[in-house]
Amino acid sequence: MRILLLIPNLDFGGAQESFSKLSVLLGRRYSVINVVFNKDKMANYQLGGELLDLNVPKGNTLIEKILNFFRRVHRLRKIKKENDIKISISFLEGADYINVLSRVRDKTILCIRGSKKYDQNISGVQGFIRHRILIPYFYSRATVITVPAYGIKEELEHVYNIQNRIQVINNAYNLHKIMELARQPISDEEKKMFNVPVIVNHGRLTIEKGHANLIQVFAQIKRKRESRLVLIGDGKEKKVLIDLCKKMNLSFWSEEDTASLKQDCDVVFLGYKQNPFKYLYNASVFVLSSKHEGFVNALAEAMCCALPVISVDCPYGPRELLTDGMKRDETIEYPHYGNYGVLIPQWEEGLDAQKIWVESIVEVLSNQDISKKYAASGQGRIAEFNEGKNEKEWISCVESLVL
């Protein structure tokens with residue numbers, strides 16, 4: 001059986017990482033063809049089959065974008081016909097639309113990775129059209145939709161009135177492999193970062209990740225406890241975040257600086273790292289500040305590294321990951337010490353969120369009993385989301401479409 005996987009690009013990102021893992025998984029059993037819109041900014045991902053390029057750029061004007069959209073549909077339909085594709089699986093919204101419109105005789109699976117309702121990038125007139133017309137129309141025409149968290153499933157059903165089959169398939173993690181990478185040595189220069197307790201965050205530097213809130217909180221933590229903030233990742237918000245550090249009188253170092261890492265700097269912009277786990281492993285606490293998420297790979301990977309975690313209670317993944325059976329409509333106004341990590345309120349006025357964030361982070365940094373408890377229980381939690389379970393769920397989903 002031939003299966004096609006589609007994604008706009010294979011740049012660095014959580015969706016791209018999940019695409020790579022699924023491609024390898026399905027490639028063990030089926031003939032897999034991977035397709036991208038174009039090969040710009042390609043990262044070195046492992047794939048389970050050949051990679052094809054539609055070779056259609058984004059387009060600069062509205063007319064170019066519309067024409068290129070239909071060029072992609074045409075070229076993907078041709079690939080599906082020529083390769084007798086039985087199942088087509090797409091990641092990210094643009095690819096989802098192309099996948100549905102290019103259908104020949106194939107069954108379509110759309111992999112929705114995060115919230116649409118809370119996505120700040122879906123705004124204005126175009127956002128209104130996406131929310132009210134495009135998402136409900138195209139998603140309701142998929143054969144199956146897969147999501148990594150139950151909160152996303154409920155959103156699609158209740159907000160967008162999607163009534164077709166929605167299957168929850170959690171992300172998977174190879175705990176043994178991640179720990180092998182985590183134990184790799186860091187350089188003497190990098191060791192300077194860890195001469196004080198380190199608060200770490202790993203993810204793209206984009207507005208939805210909430211790094212600006214974290215930097216503001218860290219400025220208050222510095223007055224209470226010696227510590228350092230390390231941000232692993234890169235993105236378009238980096239300059240904004242550096243300017244915020246200047247405004248908050250926080251010294252900083254970036255991987256672009258020619259000067260060596262200073263032992264007394266407050267914030268380190270470490271940039272993208274092929275192996276982020278060895279930095280997580282040496283940190284003191286991981287803090288997720290995102291405004292919305294899917295299943296939260298970064299949070300889960302920090303737990304893999306036996307790192308205690310604190311997460312904002314954003315939609316949708318953290319609550320499902322860090323607690324057992326906590327209702328999704330229950331509002332958190334105070335820190336919630338869950339089974340596997342600490343949940344803190346979203347960044348809202350009236351809840352005095354900044355104070356709660358500061359106190360919770362300082363508590364975990366200072367209390368070794370709490371830190372050790374979550375280091376152990378978090379790792380045990382992630383062991384539940386193993387590759388064997390994930391493979392069974394995906395094979396069951398795929399096989400059910402061809403019976």
Using distance alone, with no hydrogens and no angle criterion, decide if [X] and [Y] have a side-chain donor and acceptor under 3.5 Å apart.
{"X": "S371", "Y": "Q368", "result": "no"}
{"X": "H211", "Y": "N201", "result": "yes"}
{"X": "D324", "Y": "Y340", "result": "yes"}
{"X": "R2", "Y": "S88", "result": "no"}
{"X": "R228", "Y": "N195", "result": "yes"}
{"X": "Y150", "Y": "E154", "result": "no"}
{"X": "K80", "Y": "S102", "result": "yes"}
{"X": "D96", "Y": "Y139", "result": "yes"}
{"X": "N213", "Y": "S289", "result": "no"}
{"X": "E17", "Y": "N297", "result": "no"}
{"X": "Y281", "Y": "Q184", "result": "no"}

Margin query: Regarding E189 and K192, does a basic nitrogen lie under 4.0 Å from an acidic carboxylate oxygen?
Written below: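 A salt bridge is present here (some side-chain N lies under 4.0 Å from a carboxylate O).
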Note to self: One thing to verify: whether E391 and R28 come together as a salt bridge, which I'm taking to mean a side-chain N less than 4.0 angstrom from a carboxylate O.
What the structure shows: yes
Check: Out of curiosity, H176 NE2 to L181 CG, how far, rounded to the nearest 0.5 Å?
Finding: 10.0 Å
With distance as the sole test, does [X] use its side chain to make a donor-acceptor pair with the main-chain N or O of [Y] at under 3.5 Å?
{"X": "N34", "Y": "G49", "result": "yes"}
{"X": "R72", "Y": "V56", "result": "yes"}
{"X": "Y45", "Y": "D11", "result": "yes"}
{"X": "D313", "Y": "I344", "result": "no"}
{"X": "S23", "Y": "F19", "result": "no"}
{"X": "E155", "Y": "K117", "result": "yes"}
{"X": "D266", "Y": "S251", "result": "yes"}

Just wondering, are more than 12 heavy atoms of other shown residues or ligands nearer than 6.0 Å to [atom1] in [X]?
{"X": "E64", "atom1": "CD", "value": "yes"}
{"X": "R77", "atom1": "CZ", "value": "yes"}
{"X": "K224", "atom1": "NZ", "value": "no"}
{"X": "N44", "atom1": "CG", "value": "no"}

Next item on the list: Please step through side-chain hydrogen bond (donor to acceptor under 3.5 Å, both in side chains) for the pair D352 and Q354, ending with a clear verdict.
Entry: CA-CA 6 Å; D352 200 10; Q354 284 195 34; over 6 Å; no
Once the angle between the rings of [X] and [Y] is folded into 0 to 90°, is it parallel (under 30°), tilted (30 to 60°) or perpendicular (over 60°)?
{"X": "H131", "Y": "Y160", "result": "parallel"}
{"X": "Y337", "Y": "Y374", "result": "parallel"}
{"X": "F295", "Y": "F385", "result": "perpendicular"}

Check: side-chain contact (heavy atoms from CB on, under 4.5 Å) between Q167 and R165: does it pass, once the steps are laid out?
Finding: CA-CA 6 Å; Q167 184 170 344; R165 177 179 160 192; 2.9 Å; yes
